[in-house]
Amino acid sequence: MTDPEGHPRRRAILAALCAALLVIVLDNTVLNVALPDLAEDFGASTGTLQAVIDAYAVVFAGLLIAAGAASDRYGRRRALLTGLAVLGLASAAAALATSAWWLIAMRALMGVGAALVMPATLAILVQVFPERERPRAFAVWAAVAAVAMAAGPVLGGALVAAWSWAGVFLLNVPVVLAAALAVARLVPESRDPRARPVDPASAALVTAGMVALTGAVIVAGHGGTGVPAAGLAVAVLALVAFVRRQRRAAAPVVEFALYRDRRFAGGSAAAALLTLGTGSALFVLTQYLQLVRGHSALEAGAAVVPLALGTVLGSALGGRAPARIGARATIVLGFTATAAGFLLLAALTPTSPYALAAAGLLLQGAGTGFSSPATTATVLGAVPRERAGMGSALNDTHQQLGIALGVALLGSLLAAAYRAGLPDAVPEGARGSLAATLRAGGFTDAAKDAFVTAQSVTMLTAAGCALAGAVVAGAVLRDPLSTRTQDSGKRAP
């Protein structure tokens with residue numbers, strides 16, 4: 001779309017794209033409230049639960065680059081519809097899982113579908129909206145993503161309460177159908193006339209590297225020996241081979257020259273650091289609400305509603321903030337608010353009033369929502385328009401990898417701190433998760449105290465990740481006005 005005024009149906013197209021986005025973001029969080037039920041049904045440890053969550057995020061992240069290239073070459077609308085079909089079928093198959101490994105495999109297949117959908121949504125937005133309207137379009141996109149992420153536990157809790165964890169996956173089917181119909185009817189096809197060939201070998205290398213890395217972190221966090229070192233070696237070899245292949249290729253799928261642009265590199269690094277913390281927050285907090293506080297799945301889902309409210313409010317304000325205070329200040333302020341929310345969550349005890357958790361969630365959501373439009377616009381503003389698919393894929397890769405590593409790293413930190421806080425009398429077989437300890441009986445109070453202590457350590461680490469992102473954004477990013485001012489100052493006699 002080259003019309004400087006934008007596509008005449010761009011607002012309806014935005015709604016269709018948001019419907020497609022809704023389902024893939026829901027899948028990042030909707031399963032969290034079902035974790036205690038999955039642990040009970042499959043006898044799953046914390047490590048297995050991490051694998052169930054991460055199978056989606058890691059494959060999603062690993063294939064985004066290739067999916068972005070495919071959408072540029074073969075058509076963004078086509079990639080979007082194909083991804084939705086894969087998501088719907090894999091979700092229906094996941095609902096029939098009889099083992100944790102089947103569930104992990106279907107979650108990975110869902111990640112394939114999500115990888116095809118996500119970069120196409122942003123690339124199409126770039127095509128149909130004129131530059132002056134893109135920040136607000138990104139704000140709507142970010143608000144839908146944030147609300148879907150926060151609303152996932154609410155929907156998941158309702159479905160688990162009314163049916164079982166299988167309902168969490170069957171929810172996707174009607175949403176996918178509705179989104180596919182809207183996309184087929186409204187979204188125009190677009191592609192890059194100079195698109196580069198899709199490189200399956202590169203996609204395999206980067207995905208293998210990410211899977212090996214997150215798997216090694218998870219196993220290491222649960223006291224594994226030998227396997228973490230082997231996994232780390234595989235990750236290093238695969239990722240080094242990927243980088244070398246890109247540097248030697250005549251038409252690489254990743255343009256590493258983009259990372260020389262401080263907008264792209266700084267915005268991407270800041271976003272990845274933030275998602276290290278935010279990606280693991282619900283994984284931890286839903287277990288606290290259900291297993292420590294005794295809430296049902298539905299009550300736990302309802303308890304995280306302040307996160308959704310905060311993201312809506314933050315996104316509404318964040319869409320306008322860059323024009324008033326600049327993108328850098330918007331990102332730094334949002335990340336700092338998110339860190340403050342984590343600090344409140346770190347103060348939770350087994351008997352804390354709900355108001356403390358609600359305030360922490362509200363602040364975390366508001367900060368994330370406030371910074372997201374500015375972060376996305378900053379990163380994609382550094383990418384040539386004709387490479388929008390590749391650029392949006394890289395942007396999403398940084399964030400999805402942050403989520404996956406956040407669940408792996410902070411989930412493993414939670415597990416290690418939890419085991420360290422348990423009395424020596426707890427049997428080895430009951431030390432793998434809070435659910436396992438509670439099933440063993442006789443250690444209820446000690447187990448809850450150990451979990452809350454571990455949760456505090458994890459939330460403090462998440463706050464540190466958000467603050468590190470704020471520091472990176474403040475140090476690296478420059479707003480266009482300030483840059484022009486500095487440049488004119490250097491030329492002054």
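Neither side chain, T378 nor R263, offers a donor N or O lying under 3.5 Å from an acceptor on the other. Side chains of Q246 and S202: a donor-acceptor N/O pair is present below 3.5 angstrom, by distance only.
Looking only at distances, no side-chain donor or acceptor of R76 sits under 3.5 Å from a matching main-chain atom of A120. R107 places a side-chain N or O within donor-acceptor distance of the main-chain N or O of D27, the cut-off being under 3.5 Å. Remark: the backbone N or O of G277 is paired with a side-chain donor or acceptor of S280 at under 3.5 angstrom. Side chain of T207 to main chain of A204: no donor-acceptor pair is present (N/O by atom type, distance under 3.5 Å, no hydrogens or angles). Side chain of R77 to backbone of V187: a donor-acceptor contact under 3.5 angstrom is found. For S372 (side chain) and T368 (main-chain N/O), no donor-acceptor pair under 3.5 Å exists by modelled atom type. Listed for the S268 side chain is no donor-acceptor partner under 3.5 Å among the backbone atoms of A265.
In this structure, T338 and Q364 approach most closely via the heavy-atom pair OG1-O, 3.5 Å. The nearest pair of heavy atoms linking Q50 to A408 is NE2-O, 3.3 Å. Counting all heavy atoms, side chain and backbone alike, V33 lies closest to A300 at CG1-CB, 4.4 Å. Closest approach of L333 to F370, counting heavy atoms only: CD2-CE2, 3.9 Å. Counting all heavy atoms, side chain and backbone alike, L274 lies closest to S371 at CD2-OG, 4.3 Å. Looking at every heavy atom in both residues, R262 comes nearest to A475 through NH2-O, 3.9 Å.
Put simply, the side chain of M210 reaches to within 4.5 Å of the side chain of T397, judged on heavy atoms. Considering only heavy atoms from C-beta on, R11 comes within 4.5 Å of E133 through its side chain. Here the side chains of V304 and L282 are in contact, with some heavy-atom distance below 4.5 Å. At a threshold of 4.5 Å between non-hydrogen side-chain atoms, the residues F264 and H398 count as touching. Considering only heavy atoms from C-beta on, V117 stays 4.5 Å or farther from L21 through its side chain. You'll find the side chain of V128 reaches within 4.5 Å of the side chain of P188, heavy atoms only. For the pair L356/L345, no side-chain contact is recorded, criterion being any heavy-atom separation below 4.5 Å from C-beta on.
To the nearest 0.5 Å, the span separating CG on L361 from OG1 on T311 amounts to 10.5 Å. Going from atom CD1 of I104 over to atom CD1 of I53 covers 10.5 Å, rounded to the nearest 0.5 Å. Residue T214 holds its OG1 atom at 8.5 Å from CG of L401, rounded to the nearest 0.5 Å. Separating the CG atom in L213 from the CD1 atom in I218 is a distance of 10.0 Å, to the nearest 0.5 Å. One finds the CZ atom of F283 at 6.0 Å from the CG atom of L35 (value rounded to the nearest 0.5 Å). To the nearest 0.5 Å, the span separating CG on L103 from CG on L38 amounts to 6.0 Å.
The environment of CZ in R78 is sparse: at most 12 heavy-atom neighbours from other residues, nucleotides or ligands sit within 6.0 Å.
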For L87 and V112: C-alpha separation, side-chain torsions, deciding distance, then whether side chain to side chain contact (heavy atoms under 4.5 Å, CB included) applies. CA-CA 8 Å; L87 260 172; V112 175; over 6 Å; no
Determine, step by step, whether L285 and L348 satisfy the side chain to side chain contact (heavy atoms under 4.5 Å, CB included) criterion, reporting the C-alpha distance in whole Å, the side-chain angles of both residues, the deciding distance to 0.1 Å, and the verdict. CA-CA 10 Å; L285 196 60; L348 290 172; 3.9 Å; yes
Candidate pair F335 and T375, rule side chain to side chain contact (heavy atoms under 4.5 Å, CB included), full reasoning: CA-CA 11 Å; F335 281 29; T375 306; 4.3 Å; yes
Test log, rule side chain to side chain contact (heavy atoms under 4.5 Å, CB included), inputs T121 and I24: CA-CA 11 Å; T121 62; I24 62 174; 5.8 Å; no
Could you go through residues 451-470 and list every donor-acceptor pair under 3.5 Å that involves a side-chain atom there, pairing it with any protein atom two or more places apart or in another chain?
residue, atom, partner, partner atom, Å
T453, OG1, D449, O, 3.0
S456, OG, A346, O, 2.7
S456, OG, V452, O, 3.1
T458, OG1, A454, O, 2.9
T461, OG1, V457, O, 2.9

